[in-house]
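The next block holds one structure in the form of structure tokens; read it before the comments.
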Amino acid sequence: MDGNKDEARKCLRIGKDALDSGDRSRALKFLTKARRLDPTLAIDDLLSSAGGGGADVPDDTGDASRTESEKAGEASSAPSSSANLRARARARSSMPSENGSSEAYTEEQITIVSQIKRKKDYYEILGLERSCTVEDVRKAYRKLSLKVHPDKNKAPGAEEAFKAVSKAFQCLSNEESKKRYDVSGTDDPAPVRRHHHSHGHGFNGFYDADVDAEEIFRNFFFGGMHQATTPFGGFQFRTGGMGGHGGHGMQGSGNFNIRALLQILPIIILILFNFLPSSDPLYTFNRSYPYEHKVLTSKGAPFYVKSAKFEQDYPYQSSERIALEMRIEREYVGLLAQNCRLELQRQHWGFQQQKPYCDMLQKFQEGDAT
């Protein structure tokens, strides 16, 4: 009897997983078998959800491969029942479905998809601790993404699980977005970040609400190649959707050429820009070679120039010097204000307490007012 109860609990778990993945007929079959092996199980609600109404429905409907001797062996011996269950699962995975295709997924694939879909926390999805490193995140994504990729895992819900894994990786693979998630418990970036990066993809900490899981997968494994062959077959990546084998490989080749051109256009512009004549700026706000000579405006805004010859080219109180200092002070105030806003945001998120740029801005404005 103990063996039957163990087998009943196992059937109950399989039935729950099938019900979570939307396979009601499979859920009904295993739940009914669990009830038959252990009538004391309280599974009426699960049977009702699966469409069984709590009745003892025979679990051999549609399974012509099982003989009466196998059924008797299941009831009398737990090890024999377990072996039969695994054999039927292997047979079912190779049986043609109603539309003539093969259900190329296993119990393990169904289980991992169900587990990922039930989890909401990014760390739990990737199976990591909150103290994990970015390298740990990358290793977990490499392992999970290959297990739930829809081109390899045909279990129901694999695409949703693949997107969940990709979104978790996208958030946790960047130190800044990982800290923000740890503090706020959400992957929604601050409004100022979303405004400037609302069209970014990849895993740099700034991303859209609609995650392009295929693009993340492509960037991670293939470095952005448009078409790739994975260990489980070849498939084509398309912007905005999942890509697989199909008869539309040549469709839209003109659009592909345009996209390829747009992808390499920034590189072409960068190369051309390097050949354009350029002149060094007159000043900077940071000391670095060759800008090592510090100068202060009449209101105390610091800047750096190349040499002391600056004083000869722009004599003190000359019209050129006055116009230059006015421009420098406007840029200086704008730089302090921008950094002050970032400090206020980081203070609001709990990342820092001190606000040196805000203090410098206040001090400069007070001196300007006097």
Side-chain angles (χ1 to χ4, degrees), residues 7-37 41-55 57-63 65-66 81-82 84-127 140-141 143-169 211 213-214 217 232-233 235 241-242 244:
E7 184 67 21
R9 284 192 290 269
K10 184 175 181 181
C11 292
L12 177 59
R13 286 195 299 272
I14 297 175
K16 286 182 178 180
D17 290 339
L19 190 60
D20 291 339
S21 63
D23 192 344
R24 296 171 62 125
S25 61
R26 180 181 179 80
L28 179 60
K29 186 170 185 176
F30 280 94
L31 290 174
T32 304
K33 181 180 177 181
R35 166 59 62 83
R36 180 171 58 80
L37 292 174
L41 288 177
I43 58 173
D44 291 339
D45 293 339
L46 293 175
L47 284 170
S48 298
S49 300
V57 180
D59 66 325
D60 57 351
T61 304
D63 193 352
S65 63
R66 297 177 59 200
S81 298
S82 179
N84 289 338
L85 180 62
R86 289 193 296 269
R88 290 199 305 276
R90 288 193 297 267
R92 188 179 294 108
S93 64
S94 61
M95 287 175 59
S97 60
E98 294 179 358
N99 55 8
S101 62
S102 177
E103 297 180 5
Y105 58 87
T106 64
E107 295 289 343
E108 181 183 0
Q109 290 177 326
I110 294 177
T111 301
I112 192 171
V113 168
S114 300
Q115 290 175 348
I116 292 174
K117 289 178 65 178
R118 285 198 297 265
K119 297 172 182 176
K120 301 299 180 183
D121 182 80
Y122 289 164
Y123 291 99
E124 294 182 1
I125 290 175
L126 297 179
Y141 174 76
K143 179 180 178 181
L144 274 179
S145 61
L146 292 176
K147 286 187 176 182
V148 297
H149 194 287
D151 278 7
K152 182 180 180 181
N153 190 331
K154 301 297 183 180
E159 184 171 343
E160 291 78 3
F162 179 59
K163 289 182 178 180
V165 170
S166 301
K167 191 172 183 181
F169 167 70
V211 176
E214 282 290 1
F217 186 87
F232 42 88
F235 57 91
M242 311 295 290

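Heavy-atom basis, side chains included; hydrogens, waters and symmetry copies ignored.
- Around the CD atom of E124, the shell of radius 6.0 Å holds more than 12 heavy atoms that belong to other residues, nucleotides or ligands.
- With C11 as the fixed residue, the side-chain contact (heavy atoms from CB on, under 4.5 Å) test singles out one of K33, K16, K29, R36: K33.
- Y141 and F169 have parallel rings, their planes meeting at less than 30° on a 0 to 90° scale where 60° marks the start of perpendicular.
- Using a 4.0 Å cut-off between charged side-chain N and carboxylate O, D20 and R118 make a salt bridge.
- Shortest non-hydrogen contact noted between V165 and S145 is CG1-N, 4.3 Å.
- Between L41 and A34, the shortest heavy-atom distance links the atoms CD1-O, 3.7 Å.
- We find the CG-CG distance between L31 and D45 to be 11.0 Å, quoted to the nearest 0.5 Å.
- The CG atom of L144 sits 5.0 Å away from atom CD1 of I112, with the distance rounded to the nearest 0.5 Å.
- What you find for S114 and S21 is that their closest heavy atoms are OG-CB, 4.2 Å.
- Between K167 and Y122 there is a side-chain heavy-atom pair separated by less than 4.5 Å.
- With rounding to the nearest 0.5 Å, the separation of CG in L37 from NZ in K10 is 12.0 Å.
- For P156 against Y105, the heavy-atom pair with the smallest separation is CD-CZ, 4.1 Å.
- In this structure the side chain of I110 never reaches within 4.5 angstrom of the side chain of I14, judged on heavy atoms.
- In this structure, CD on Q115 lies 7.5 Å from CG on D17, to the nearest 0.5 angstrom.
- Remark: side-chain polar atoms of D23 are not paired, donor with acceptor, to backbone N or O of A18 under 3.5 angstrom.
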